[in-house]
Amino acid sequence: MNFTFSEEQNLFRDSIRRYLEETYPFENRAKTLEHPNGYPEELWQSLAELGWLALPFAEEYDGLGGSAVDSMIVMEEIGRVLLVSPFLSTVLLSGQLIAAAGSESQKRDLIPQIGAGQLKLALAFAEANSGYDLAHVSTSAVKEGNGYRLNGAKCAVFNAQSADIIIVVARTSGAVDDQEGLSLFRLDPTMDGLEIKNYRTHDGGTASDIVFEDLFIPDKALLGDVGTAYPHLQKVIDQASVALCAEASGAMWAISEQSGVYFKTREQFGQNLGSFQALQHRLVEVYMKCQLSQSLVYDAVCALDDFDVLEQSADGDTTNIAQKVSQKVSAAKYQVGLDARSVGQEGIQFHGGMGMMTELPIGHYYKRITMINATFGDPRYHLKRYRDTMCQSIISAT
Amino acid sequence: MNFTFSEEQNLFRDSIRRYLEETYPFENRAKTLEHPNGYPEELWQSLAELGWLALPFAEEYDGLGGSAVDSMIVMEEIGRVLLVSPFLSTVLLSGQLIAAAGSESQKRDLIPQIGAGQLKLALAFAEANSGYDLAHVSTSAVKEGNGYRLNGAKCAVFNAQSADIIIVVARTSGAVDDQEGLSLFRLDPTMDGLEIKNYRTHDGGTASDIVFEDLFIPDKALLGDVGTAYPHLQKVIDQASVALCAEASGAMWAISEQSGVYFKTREQFGQNLGSFQALQHRLVEVYMKCQLSQSLVYDAVCALDDFDVLEQSADGDTTNIAQKVSQKVSAAKYQVGLDARSVGQEGIQFHGGMGMMTELPIGHYYKRITMINATFGDPRYHLKRYRDTMCQSIISAT
Amino acid sequence: MDMKFDAQAEGFRAEVRSFVESNLPDDIRAKVSEEEMILPRDMMQRWHHELFKQGWGCPSWPVEHGGAGWSDEEHYLFEREIALADAPRPIPYGVVMLAPCLMEYGSKAQQEKFLPGILTGDQLWCQGFSEPNAGSDLASLKCRAERDGDHYVINGSKTWTSDAHVADWMFGLFRTDSSGRKQQGITFLMIDMKSEGVTISPLENFEGTHEVNQVFFDNVRVSVDNRVGAENEGWGVAKYLLGLERFGTAEVGRSLASLGRLKTLAKTVKVGSGTLLNDSDFMNEVARAEIALRALEVTEQRFLFGPGGSESMGAEASMLKVRGTEIQQDILELAHQALGYHAHAMIDVASPENDHNPAAIAKAHYNFRKTSIYAGSNEIQKTIIAKAVLGL
Amino acid sequence: MDMKFDAQAEGFRAEVRSFVESNLPDDIRAKVSEEEMILPRDMMQRWHHELFKQGWGCPSWPVEHGGAGWSDEEHYLFEREIALADAPRPIPYGVVMLAPCLMEYGSKAQQEKFLPGILTGDQLWCQGFSEPNAGSDLASLKCRAERDGDHYVINGSKTWTSDAHVADWMFGLFRTDSSGRKQQGITFLMIDMKSEGVTISPLENFEGTHEVNQVFFDNVRVSVDNRVGAENEGWGVAKYLLGLERFGTAEVGRSLASLGRLKTLAKTVKVGSGTLLNDSDFMNEVARAEIALRALEVTEQRFLFGPGGSESMGAEASMLKVRGTEIQQDILELAHQALGYHAHAMIDVASPENDHNPAAIAKAHYNFRKTSIYAGSNEIQKTIIAKAVLGL
């Protein structure tokens, strides 16, 4: 057992941090967010050059074969500086979904383009009434001639506005909550008949609500095999959930550190804030939450990597292991979400009136943390998911 | 609206407090608990003389016609000094149940004896698998000739060991969870065939587990009408729950005050404990919890008294009001339970190593608070009960 | 002990309720129901004018100044009904704070000059207390007022000044002497916001609203006629002012209105084949909030209508502010959580059948983080309780 | 980064597991599974003897003194397996604390005199640090040791002394000089508990157990040979001693065992027609506790097996104690709550089909309130983190 990063990983983190510190200082945030998509186009090219966009993909698709640990490093650094970009949407959601579910030719076609920064994608999975349940899909795709007829609506499609391709989860068979019968389709956002409502999100990004009304799409828009999307979707969302936990963890550490600095410099009643014991003990709680949350991120990340290895060796039944991995993902998403929320609120409170001001990062961290909690399931949802699995294993234990 | 006690009530409280301070100092507790029942017999006679035992009953049964507010006053003072006695079992549980469900002749027979201190009672309602659900009764009473045949078992029958009469809740019809079909029977604890296992409880009292195996009891043992016990039981347990909340509130204030005194006298690092800001803010939290819990006790007590008035006027449907009263009872039992637990734990922590010692009251308050939470429903149970009623009214609201 | 209001009080409550129902403009109600605390000048004045016509503009004032002569119960019920109906809060700085100070410490001339405009609502005020380095530690304020004949010359700045951008006048505390204890040497002055040398610089909250300002003073001349109380004795005036608020610090009425919206939301938000009402974990939290709010409500009532009445309320009132803001924040946060993926949107993305606006809910959640900071942070309030109530 | 133990470590784990399974006496296992921390002398020694025979009596000692020469991983896995199997904790005062001090500060003669008895477990120790007026503020201790030729004469008392009633010897801190800073003038002495003038007065916990004592010294004579380190320099020895515990302060293994019992309880306790497993509110809390425990477990592993290894762990370790005790208390409290009405009983009232003992569960709940107080209260630990880690 060891928790040491490899030398490569340390260098990778250093390069990311240096790049972001230089090109993405908080002072420029307001200006940067004025770009219609919340980020400047040149950023994307830089990320491609730095290797982020090819990071998790297999070498046969021009990827770098990075592990979940590597993705975590990127996301932690993103969290520290509040980077707004379609990295998650393109690489960790859509790209990974293509890698998991796509046909060989689709992978060969799309993944190298993603890695090279030539293609941005968005994943349309959530619906107005779906809550955080991935199987709840009422958008239907009905076979018709040499294609499908799409009806329904998706909400909160992150970065659809800047995407070249939107991947839509639609139901080709089964009832509205079935895990069976889900399929993936790639859509061109500029195609006729697509009704897209774009909006900005509270954390500086963009998202869209999309309505499909009798939209015809050709067979070749199908990604992977028909009706088999759910397990891939589930796995990719689990991976992306852990990535979001890493991002939240990065933000938590930043809040903790910035609060520490504020405590040492801000004077009230002739003393540094940090000399007040009630505040000291509360910052210690914040610090402990950062550590404990970090631990659950590591736990989930290592489980993902171990699962990948197991899956590749592919002997024996992986269902049980998959469930254990999902449980670790939920543990992290629950605890990190809860702790990040509390750390964010304490961070604002520690900064007093300044904590409310837009020119300090502290409130922006809180907004991002809140949005992370509203993505792929909030703490309540994941506690329930964890609990249900736990109860199942108590029952089946002898 | 006013929160002022009447002059009579203030005098009553003063007399109680003076009596308890003089006769029941904490220093004597260990010795007092050595009595087999946890209290000396002369205590009971004193309580009769002070009027406690006749307090809530109607004047026509030699009672004092006291309100729920009056009972609250007694219970708050009991809570402050950790009085161990069968007051709750005899007066507020059994006595009130007789008053609510008994026939006129049973009331005339029993209630004056209770008020005079000649009769102690215990109520056997809980069962091993009942949780806190009053309707879950599997003890059966089957009609047979001029009596009933009892089978089943009751647990945690408080003060059965010192009781002259045990009232048993048994099922005369219906399925195990039905509210319909419950009846009350009075039993002589010395009767043949009653299998009683007595034990001490963590708060210094006594309780018993009782098994009935084909026990024959005559018709005249039936209290009130057959099959109608549930609403009476429910109401009396609600009243007694509020009384326990008042007791917990008394204990909470005592912990808060004793912690304040300790903070002002105990020195560490050359300062009073009370000068450490982290501890100050925590004692403020304790203080606020005492206030807020007290408020919910008042709220529930006033609702009980108002309901009594409404019920006596008896025009219109009282079901809706009854449900609202129960909701206030659950609000109090939930919040007081939660806050008392936390105040008790903080109290121990504030006292450091001394907080663990048996010669300080602090740990004994915590034990009593814990036992109160395990009686008539813990905070989790009452939050659920409150929630379910709340959701019902949200649904039925237009 | 009796927790019911009597028939007379209930009659008064009904009168207020029906007045608000008939007279509160829809656009104002809509703004307030989205948890907006700081309204445009126009809205503040339109609503105040309705109240003024009814004789309820400044009800807490003595009758001779135009007050309503209500009992504590009537005041309480008035504020409650106003809040429940999503009417604006009373205009804080002029009506609730400055005017009573002028009645206590002001000259006859000052009273005649200012009270009528405050009463009608034509004149709006802001409060110049906090400074960049004097927040919780108010007495360490540094903004200078130097005596120059029958004027003071003010230099420095005030910050987190609510309403400065809509106000005609500011009252505030200024440093006239730095030689003694920091509570000494502070003077209470009233400043015309149109004076030369006053610059208002808006401050933006992290969720994008503009509610507070930094106000800069560059040789601003203020006549000694606009001083309240003696020179160097402004701290006493300020303490009087800060002790005025007996009603409403708990904001129970507002929170009840917010909680009502939260319950409607739970009933409205569809999750799978049901609504959030079926999510027992979520509803546990709503129940928890409702119980906490009820405990606060009764506690406030106990303080107001207990032995000694509202006059006897001391530092205990600090707990109303602490728990009141905690509960506000809790309810608004739950509402935001209820939205699921709609929580992200900065525009109204709700489906037409829902009457909630996700963007406004999110904004309220973020913006209300301020409530545990402003008006004496909750930490300061706890220290007050520790010292004044617990004697630590 | 790799969170798996390698095959060698797993082999070691299996060896420990099978050893404990074969050699742990049932009566001892039963006692520990009821969360008893302080065992009778006889049990402590019987189990230690089993370990000693295996060469595992004092595994953390240097090999030349009888240690096992294990890696950090092996130490970690040993403690984990011991805890999971409900074997007793290592004997704390002699094995874990005094012995390493003697190796660092003791004379050759002292080492030869004491280490063999500690190694075999024949000699049990207790620790005389706390005094009635020196708890968290340890350095303010007052129990005097006055020099008289080649002896010290001790007067005063020590309190909350665990195991004093079963120990042969006490090591402790005594005041030899009151003139300077309070950390100066403290001397580390070892005292034979059978010395004349030593009186042990049992202290009873509020739940009825006797674990700690007050120890009175009335002119107790101790040879200077029994001093560790120089006169007046005992504070340094104590600091070394208190910094020794790297493994186990989080008590993760114990809590995992307790959590396992809690889950079994949930499955066993019947409520209505089902069990507590059907109570989603209760199971939420079990899930919460399990997640919190996992976070703590991985945090401990990160501190032990991160860059720099266990040697680099500093004041961060204080958080393991804080969270570790919070989680212990949480789990035992939930177990008590799970009992419903059986929670009241001071005897075993469980039905025969259940293998839990309600009285023991209640006792553990109450008794474990001490864990956030002893060994440096959680408040002291937080202050340590604030200063040493956060630099406040």
Side-chain angles (χ1 to χ4, degrees), chain A residues 1-6 9 67 69 72 256 259-260 263-264 272-277 279-289 291-299 301-303 305-306 328 330-332 334-336 338-339 380 382-391 393-395 397, chain D residues 1-6 9 72-73 76-77 260 262-264 266-267 275-288 290-292 294-309 316 318-320 322-323 326 378-379 381-387 389-392:
Chain A
M1 174 171 288
N2 92 79
F3 288 88
T4 313
F5 291 104
S6 70
Q9 287 170 332
S67 63
V69 172
M72 176 189 80
S256 171
S259 298
F263 274 16
K264 286 173 206 167
N272 286 341
L273 279 188
S275 67
F276 291 97
Q277 199 197 31
L279 294 180
Q280 282 182 359
H281 283 199
R282 281 165 64 181
L283 189 58
V284 168
E285 272 294 329
V286 161
Y287 164 80
M288 295 197 302
K289 284 176 176 165
Q291 288 282 17
L292 294 161
S293 282
Q294 172 104 72
S295 295
L296 289 178
V297 176
Y298 284 7
D299 198 27
V301 163
C302 286
D305 278 339
D306 291 349
K328 279 180 191 292
S330 278
Y334 160 70
Q335 190 71 59
V336 175
L338 211 65
D339 285 351
R380 213 167 11 251
H382 281 284
L383 182 65
K384 183 177 186 313
R385 185 170 177 243
Y386 184 97
R387 177 194 80 202
D388 290 344
T389 313
M390 185 189 76
C391 287
S393 35
I394 296 176
I395 290 167
Chain D
M1 183 142 54
D2 183 2
M3 289 180 63
K4 296 184 297 304
F5 290 100
D6 62 21
D72 275 1
E73 284 197 352
Y76 178 84
L77 289 172
L262 174 61
K263 288 171 157 187
T264 306
K267 191 180 182 172
T275 70
L276 260 186
L277 273 185
N278 306 113
D279 180 341
S280 63
D281 295 324
F282 185 80
M283 295 315 292
N284 271 344
E285 305 213 25
V286 178
R288 234 175 246 141
E290 179 165 279
I291 294 169
R294 178 63 184 157
L296 181 72
E297 179 179 23
V298 177
T299 302
E300 185 182 42
Q301 291 174 347
R302 283 172 50 219
F303 289 171
L304 291 173
F305 309 117
E316 297 88 358
S318 283
M319 76 167 276
L320 301 178
V322 173
R323 267 297 184 274
E326 287 171 356
N378 286 9
E379 289 76 21
Q381 305 292 348
K382 284 186 188 176
T383 298
I384 290 172
I385 297 171
K387 293 198 192 317
V389 181
L390 305 181
L392 300 179

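All chains are named by letter (A, B, ...) in the order of the sequence lines, taking the proteins before the strands, and each is independently numbered beginning at 1. Side-chain atoms are counted along with the backbone in the values below, which use heavy atoms only and exclude waters and symmetry mates.
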Take D:E316 and A:Y287 through the side chain to side chain contact (heavy atoms under 4.5 Å, CB included) test and state the conclusion after the steps.
CA-CA 10 Å; D:E316 297 88 358; A:Y287 164 80; 3.2 Å; yes

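- Here D:L296 contributes atom CG and A:S295 contributes atom OG; the two are 8.5 Å apart, rounded to the nearest 0.5 Å.
- Residue D:Q381 does not touch chain A at all, counting heavy-atom pairs closer than 4.5 Å.
- Between the side chains of D:Q301 and A:Y298, no donor-acceptor pair is found at a separation under 3.5 Å.
- Counting heavy-atom pairs closer than 4.5 Å to chain D, the top residue among A:L296, A:L283, A:N2 is A:N2.
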Side chain to side chain contact (heavy atoms under 4.5 Å, CB included) for A:F3 and D:M3? Distances and angles first, verdict last.
CA-CA 7 Å; A:F3 288 88; D:M3 289 180 63; 3.7 Å; yes

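- Here NZ of D:K263 is found 12.0 Å from CD1 of A:I395. Values are rounded to the nearest 0.5 Å.
- Using a 4.5 Å cut-off between heavy atoms, A:D306 touches chain D through its side chain atoms alone.
- Remark: the backbone N or O of D:I291 is not paired with any side-chain donor or acceptor of A:Q335 at under 3.5 angstrom.
- Between D:K382 and A:Q280 the shortest side-chain heavy-atom distance does not fall below 4.5 Å.
- A donor-acceptor pair is defined here as one N or O able to donate and one able to accept, closer than 3.5 Å; no such pair exists between the side chain of A:R387 and the backbone of D:R288.
- A pairwise comparison of heavy atoms in A:L383 and D:A287 identifies CD1-CB, 3.8 Å as the closest pair.
- Of the atoms belonging to D:S280, heavy atoms from both backbone and side chain fall under 4.5 Å from chain A.
- Looking only at distances, a side-chain donor or acceptor of D:K267 sits under 3.5 Å from a matching main-chain atom of A:I394.
- For D:E285, the salt bridge (charged side-chain N to carboxylate O under 4.0 Å, His left out) criterion is met by B:R380, not counting sequence neighbours.
- Heavy-atom pairs under 4.5 Å with chain A were tallied for D:V389, D:L392, D:D6; the largest tally goes to D:L392.
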Checking side chain to side chain contact (heavy atoms under 4.5 Å, CB included) for the pair D:D2/A:M1: CA distance, chi angles, key distance, verdict?
CA-CA 5 Å; D:D2 183 2; A:M1 174 171 288; over 6 Å; no

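- Taking 4.5 Å as the limit, some side-chain heavy atom of D:M319 sits within range of a side-chain heavy atom of A:L292.
- Interface remark: A:M288 contributes backbone and side-chain atoms alike to the contact with chain D (heavy atom separation under 4.5 Å).
- Looking only at side-chain heavy atoms (C-beta outward), A:H281 and D:T383 come within less than 4.5 Å of each other.
- Comparing D:L277, D:V286, D:V322, D:N284 by heavy-atom pairs within less than 4.5 Å of chain A, the highest count is held by D:N284.
- Taken from CD in A:E285 to CD1 in D:I385, the straight-line distance is 9.0 Å, to the nearest 0.5 Å.
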Does the pair D:M1 and A:T4 meet the rule for a side chain to side chain contact (heavy atoms under 4.5 Å, CB included), with working shown?
CA-CA 5 Å; D:M1 183 142 54; A:T4 313; over 6 Å; no

